[in-house]
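Keep in mind the model is a prediction, meaning the values are calculated, not measured.
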Amino acid sequence: KTIGGSGIGFQESEWAMGDLYVEPFQFGLTKNHWDFALSFSFYAPTGKYNIDSVTLPASGKVKITAPDNIGLGYWTNQFQGAVSWYPWTDQRMAIATAITYEVNGNQKGFNLTPGQNISFNWGVSQFLPLNKKESWQLTMGITGYGSWQVTADKGADASNTNQYKRVQGAGIQL
């Protein structure tokens with residue numbers, strides 16, 4: 001089983017719905033070489049979420065999130081801006097980026113509000129026609145992201161008030 005994370009191990013599986021994502025507002029603008037977008041969205045805590053108790057030798061019983069949770073147990077509001085630039089008018093190449101700011105609500109069952117996050121996504125892609133009519137295309141490129149916690153977790157159950165989470169990654173897309 002997965003320890004300290006969300007979801008379940010590879011050997012065990014089940015079907016369950018995650019948190020509900022809703023995007024009530026999106027504004028987009030398209031130009032010859034540019035696409036722009038602004039949006040507001042939120043995650044509603046509708047996914048499978050339970051709290052377990054464990055007994056620790058030194059401190060006794062403590063509450064933890066269940067290791068097989070799929071939902072996070074809190075609301076998240078997201079504000080996003082994105083832009084794509086196409087060097088050629090046929091848009092065979094795209095350089096895209098998006099920045100997202102997340103504001104998290106109080107986590108169910110705990111006196112904890114996870115810190116706010118900022119994420120940056122980027123990518124460069126190129127499509128290659130696979131036939132003369134260009135009805136079949138192969139798109140390939142590189143992509144990456146970074147996500148940084150920018151405010152401390154708050155509440156009596158916050159354990160990382162001086163440690164901010166961060167993650168980065170990059171790879172190829174096909």
Worksheet item: With the 4.5 Å side-chain cut-off for hydrophobic clustering, are W75 and Y43 part of the same group?
Response: no
Fill in: Distance-only donor-acceptor check, side chains D19 and Y74, under 3.5 Å
no
Worksheet item: Is F27 reachable from F42 through a run of I, L, V, M, F, W or Y residues, each pair having side-chain heavy atoms under 4.5 Å apart?
Response: yes
Discussion item. Please determine whether residues M140 and L130 belong to a single hydrophobic cluster, defined as Ile, Leu, Val, Met, Phe, Trp and Tyr linked transitively by side-chain heavy-atom distances below 4.5 Å.
Written reply: yes
Fill in: Other ILVMFWY residues reachable from L38 by side-chain steps of under 4.5 Å
none
Worksheet item: Side chains of W34 and L29: closer than 4.5 Å at any heavy-atom pair?
Response: no
Worksheet item: Can you find a heavy atom in the side chain of D157 that is under 4.5 Å from one in the side chain of Q107?
Response: no
Item to complete: Scan T76, V150, I118 and name whichever one has a side chain to side chain contact (heavy atoms under 4.5 Å, CB included) with E102.
Response: T76
Discussion item. Can you tell me how far apart CG (N50) and CD1 (I64) are? Round to the nearest 0.5 Å.
Written reply: 11.5 Å
Fill in: Contact check, side chains of L128 and Q137, non-hydrogen atoms, under 4.5 Å
no
Fill in: Check: Q149 side chain, K165 main-chain N or O, donor-acceptor pair, under 3.5 Å
yes
Worksheet item: Y145 versus S119: any side-chain heavy-atom pair under 4.5 Å?
Response: no
Worksheet item: For L138, does the CG atom sit with more than 12 other heavy atoms under 6.0 Å from it, leaving out its own atoms?
Response: yes
Worksheet item: For K108, what residues pass the side-chain contact (heavy atoms from CB on, under 4.5 Å) criterion, not counting sequence neighbours?
Response: Y49
Worksheet item: For M93, does the CE atom sit with more than 12 other heavy atoms under 6.0 Å from it, leaving out its own atoms?
Response: yes
Discussion item. How close do A82 and A98 get, counting heavy atoms only, and between which atoms?
Written reply: CB-CB, 3.8 Å
Item to complete: Answer yes or no: is there a donor N or O on one side and an acceptor on the other, between the side chain of S84 and the main chain of A94, under 3.5 Å?
Response: no
Practice prompt. Evaluate the side-chain proximity of Q168 to W148: yes if any heavy-atom separation is below 4.5 Å, no if none is.
Written response: yes
Worksheet item: With a 4.5 Å heavy-atom cut-off, do I142 and W122 have their side chains touching?
Response: yes
Worksheet entry | Linked hydrophobic residues, F127 as query - side chain contacts closer than 4.5 Å | none
Discussion item. Would K154 and L112 count as a side chain to side chain contact (heavy atoms under 4.5 Å, CB included) here? Give the steps.
Written reply: CA-CA 6 Å; K154 295 181 181 154; L112 170 66; over 6 Å; no
Worksheet item: Roughly how far, to the nearest 0.5 Å, is OG of S147 from CZ of R166?
Response: 11.5 Å
Item to complete: To the nearest 0.5 angstrom, please state how far the CD atom of E23 sits from the CZ atom of F40.
Response: 10.0 Å
Item to complete: Would you name the heavy atoms of S125 and Q173 that are closest together and state the gap between them?
Response: CB-NE2, 3.0 Å
Worksheet item: Any side-chain heavy atom of T97 sitting closer than 4.5 Å to one from W85?
Response: no
Discussion item. Looking at every heavy atom in both G105 and P114, which two are closest together, and how far apart are they?
Written reply: O-CD, 3.3 Å
Worksheet item: Between the side chains of Q80 and T100, does any donor sit under 3.5 Å from an acceptor?
Response: yes
Worksheet item: Going only through I, L, V, M, F, W and Y residues with side-chain contacts under 4.5 Å, is there a path from Y86 to V83?
Response: no
Worksheet entry | Separation of K48 NZ from N69 CG (nearest 0.5 Å) | 7.5 Å
Worksheet item: Should F25 and I99 be counted in the same cluster of Ile, Leu, Val, Met, Phe, Trp and Tyr side chains packed under 4.5 Å apart?
Response: yes
Worksheet entry | Pairwise side-chain contact, N104 with D153, heavy-atom cut-off 4.5 Å (strictly under) | no
Worksheet item: Can you name the nearest heavy-atom pair linking I51 to K63, along with the distance?
Response: CG2-CB, 3.9 Å
Fill in: Backbone of L20 reached by a side-chain donor or acceptor of T46 within 3.5 Å
yes
Worksheet item: Would you find a donor on one side and an acceptor on the other, under 3.5 Å apart, between the side chain of Y101 and the backbone of N117?
Response: no
